[in-house]
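What follows is a short report on a single structure.
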4 protein chains.
Amino acid sequence: MTQARAPRADAVRNRKKILAAARHQITLHGPGVGMDEIAAAAEVAVGTLYRHFPTKTDLVGAVVAESIGEVADDAEAAQERVESGANAMQEVEAFIGRTVEASARDRVVKTAAQALGAASTDTAEEARARAALATLITAAQTSGDLHPDVTVEDFYLLLSTAPSDRPSEARARWLTLTLPGLTSRGRAPHV
Amino acid sequence: MTQARAPRADAVRNRKKILAAARHQITLHGPGVGMDEIAAAAEVAVGTLYRHFPTKTDLVGAVVAESIGEVADDAEAAQERVESGANAMQEVEAFIGRTVEASARDRVVKTAAQALGAASTDTAEEARARAALATLITAAQTSGDLHPDVTVEDFYLLLSTAPSDRPSEARARWLTLTLPGLTSRGRAPHV
Amino acid sequence: MTQARAPRADAVRNRKKILAAARHQITLHGPGVGMDEIAAAAEVAVGTLYRHFPTKTDLVGAVVAESIGEVADDAEAAQERVESGANAMQEVEAFIGRTVEASARDRVVKTAAQALGAASTDTAEEARARAALATLITAAQTSGDLHPDVTVEDFYLLLSTAPSDRPSEARARWLTLTLPGLTSRGRAPHV
Amino acid sequence: MTQARAPRADAVRNRKKILAAARHQITLHGPGVGMDEIAAAAEVAVGTLYRHFPTKTDLVGAVVAESIGEVADDAEAAQERVESGANAMQEVEAFIGRTVEASARDRVVKTAAQALGAASTDTAEEARARAALATLITAAQTSGDLHPDVTVEDFYLLLSTAPSDRPSEARARWLTLTLPGLTSRGRAPHV
DNA sequence: CATGAATGAGTTTTCATTCAT
DNA sequence: GATGAATGAAAACTCATTCAT
């Protein structure tokens, strides 16, 4: 069992520089930035870039995974606040709002992921996010007005269709139109 | 007064073949299909393709315009049914459902338009669609439960964020989650 | 012997329009102007253009031939003035000066001819020019200082290397440097 | 202080092969040879060619610069011979003769430069050539028969209009007709 | 005869990826 | 491990020329 030798310090440093540069470049010039440009921005040679990420798809996938990690962090924080007594339904709505805003800031990353068909998700971060969201959802269904049939998939469905590339008023309006569908009252049967 | 000479029969035929082929190829392989491939699919030489559409952007724009034309047709039909006594709110919901399905079939066209920055809209078709929708909205607000602040823009906002590239169950679920936000009851103030 | 039927009036008109347009367009945008552009400028369809000139080379050749015709006119006029008593050497020098200026005005035609390897000359016009020049040369050798070994070819050699695409000062300087070589005194043997 | 790292051995080799091939191909088939052809002749992929010269204009410019370098070498050698006691006027005439011959060998390079509007000159080589020529001119004006108003520009004017694409007899004749204009005797005022 | 649509080889250039140094 | 030069398959677009209408 060849224990994976601990990565060299500079290799770690390079990986970080590359990810940061990729994120920046993609946000700046859209997907379709050349690998050369990303490499240059990371102050690294293309070869090095390819040693860390064998494919452009892989690199973009990693950038996306990072974003997911941040979403997971956010969801976990919300869940902890709920455990400490915060209103679950309010946390759910606030979480959605923040995530939509975040994906607006990083919108090109999303586009990039789609454009390149980057495989959906890096398991570790994904799992964390999913766990925290599930807890949050259950809490809001118990103590609040979140409709009982709502699932984590529904969150993803909505978040992945948020108008991240539209002006902030559009995003606000979208929240107004969309959030009611998550509540019991909003979806109450016709009288 | 140089009366624009009637276009030749074969030119018209080719234009149609090209548009059809473009639509098909784009739907099949995404935007970024080569012009050569589209030309081949249309059984035409590239030169011909470029005679009809001087730029790839123009071609994609034309394909998009066609789609918009179809949406306009659909909206007008719905409006006429309402004038003939059909339930306005039901027509609104059905219209949205149908359009989401249509954009799922043509999903890549949408992507293509965004990707290439094809100028937003072909005025003529756009105007028709807008007019029919406005009438439809007013009718549903008068006789049905459509929320009074809903506008044509809201329709566009929702339609443009529909999960057109997801399986049909996802699209159905999306309708379930989204439609309530358009109604007065769905958005009723918290008690 | 099928006597070549007299060309139709409109065909003649078209030929002239095409030649004029070609000359204008080439002078304007350099050789490499598209045949389509020339056709458009002549208010004629490309097909018509190709009926009159089966090849781009042919068209350019015809334009060049026209220029030669003008040179021939000029040479004949000079020769007639000499017959009427004008100073032959002065006429020679003036003729060269005028021709250089003319080729500067039409410079692109020359470039075009070279670029496309347009076959050297249209016999009729060429012959007229050659005859008039020969007479002029003989007169200047008899009554003036034109070096006895100078031939029509020498004139062509100089004219074809005139700096037609340089500013007029350059052309003037070129005359200053070049004309002495045509005279007996200028080429007097080293003492 | 980022010391420009020494270029790799193979890169240098390729650059040379490319320049040589470009020169050859251009001389052979005129400007307008495809980049693909040049690449093939250099036994290199197009991409490599574009790494070294980002634009066709750049490549042609480099080829031209090389030619100018050779002219500069020649002029410097002539100047040194004069410093060592050689006859200045003879060196001037010989230099012009050699350069005309050289530009006949490389004639298409000249055409190419004009055709592509390659920015007139590569400063370094140009400067060397100009310096050597100026010295040579002064020497020939002092010790020989070179006309006092002749400048480096005059040399360029003549060389750039030499009949480089004509047979060698034409070039010889051209020298006979042109050189007198550079001398004091040749341009002596009319008696 | 005129028209102008169609042809298709060819042009320059880009970019993800590989591999010698 | 890092470097950056080399690769070569596209891609979008042009234009002289042909040919159906």
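We name chains A, B, ... by the order of the sequence lines, and we start the count at 1 in each one. Please read all numbers here as calculations on a predicted model, not as lab measurements.
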Starting from the C-alpha separation in whole Å, work towards a yes-or-no answer on salt bridge (charged side-chain N to carboxylate O under 4.0 Å, His left out) for A:Lys56 and A:Glu37.
-> CA-CA 12 Å; A:Lys56 186 173 187 180; A:Glu37 254 136 326; over 6 Å; no

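- E:dC15 atom C1' lies 13 Å from atom CG of A:Leu49, rounded to whole Å.
- Listed pair D:Asn14 / F:dA5 fails the phosphate criterion, with no side-chain N or O lying under 4.0 Å from OP1 or OP2.
- When the nucleotides F:dT3, E:dT13, F:dT7 are ranked by their closest atom to the side chain of D:Val44, F:dT7 comes out on top.
- Between C:Tyr50 atom OH and E:dT7 atom C1' there is a gap of 13 Å when expressed in whole angstrom units.
- Within 6.0 Å of NE2 in D:His24 there are 12 or fewer heavy atoms belonging to other residues, nucleotides or ligands.
- Along DNA chain F, the nucleotide nearest D:Arg15 and the nucleotide nearest D:Val46 are compared for position; the residue whose nucleotide lies closer to the 5' end is D:Arg15.
- Residue C:Gly34 is in sugar-phosphate contact alone, with no base atom involved, counting any heavy-atom pair closer than 4.0 Å across all strands shown.
- Remark: F:dT3 base-pairs with E:dA20. Criterion, Watson-Crick or G-U wobble with two distances under 3.5 Å.
- More than 12 heavy atoms of other shown residues, nucleotides or ligands fall within 6.0 angstrom of atom CD in D:Glu70.
- Summarising the geometry, the separation between CG on A:Asp36 and C1' on F:dG4 is reported as 9 Å, rounded to the nearest angstrom.
- Of the P atoms belonging to E:dC1 and F:dT21, the separation is 22 Å, rounded to the nearest Å.
- Distance check, rounded to the nearest 0.5 Å: OG1 of C:Thr48 to NZ of C:Lys17 gives 9.5 Å.
- Regarding D:Lys17, its NZ atom lies at a distance of 13 Å from the C1' atom of F:dT7, rounded to whole Å.
- An OP1 or OP2 oxygen of E:dC1 is reached within less than 4.0 angstrom by no side-chain nitrogen or oxygen of C:His52.
- Between D:His29 atom NE2 and E:dT11 atom C1' the separation is 17 Å, expressed in whole Å.
- The nearest whole Å value for the distance from the CG atom in B:Asp58 to the P atom in F:dA12 is 13 Å.
- We find the CG-OG1 distance between B:Leu59 and B:Thr55 to be 10.0 Å, quoted to the nearest 0.5 Å.
- Within the 4.5 Å cutoff, no side-chain heavy atoms of A:Val60 are placed close to those of A:Phe53.
- The residue C:Arg51 sits close only to the backbone: its heavy atoms come under 4.0 Å of sugar-phosphate atoms, none of a base.
- A straight line from CD of B:Glu43 to C1' of E:dA5 spans 17 Å, rounded to a whole angstrom.
- Summary of the strand contacts: D:Met35 and B:Asp10 both lie near DNA chain E, and taking for each the nucleotide with the nearest heavy atom, the more 5' one is attributed to B:Asp10.
- Between D:Glu37 and B:Gly47, it is B:Gly47 whose nearest contact on DNA chain E lies nearer the 5' terminus.
- Atom CD1 of B:Ile38 and atom C1' of F:dA12 are 11 Å apart (whole Å).
- The side chain of A:Lys56 lies closest to E:dA16, out of E:dT3, E:dA16, E:dG8.
- In this structure, B:Thr48 reaches the E:dT7 phosphate: one of its side-chain N or O atoms is under 4.0 Å from OP1 or OP2.
- Base pairing of E:dA9: its partner is F:dT14, meeting the Watson-Crick or G-U wobble criterion (both donor-acceptor distances under 3.5 Å).
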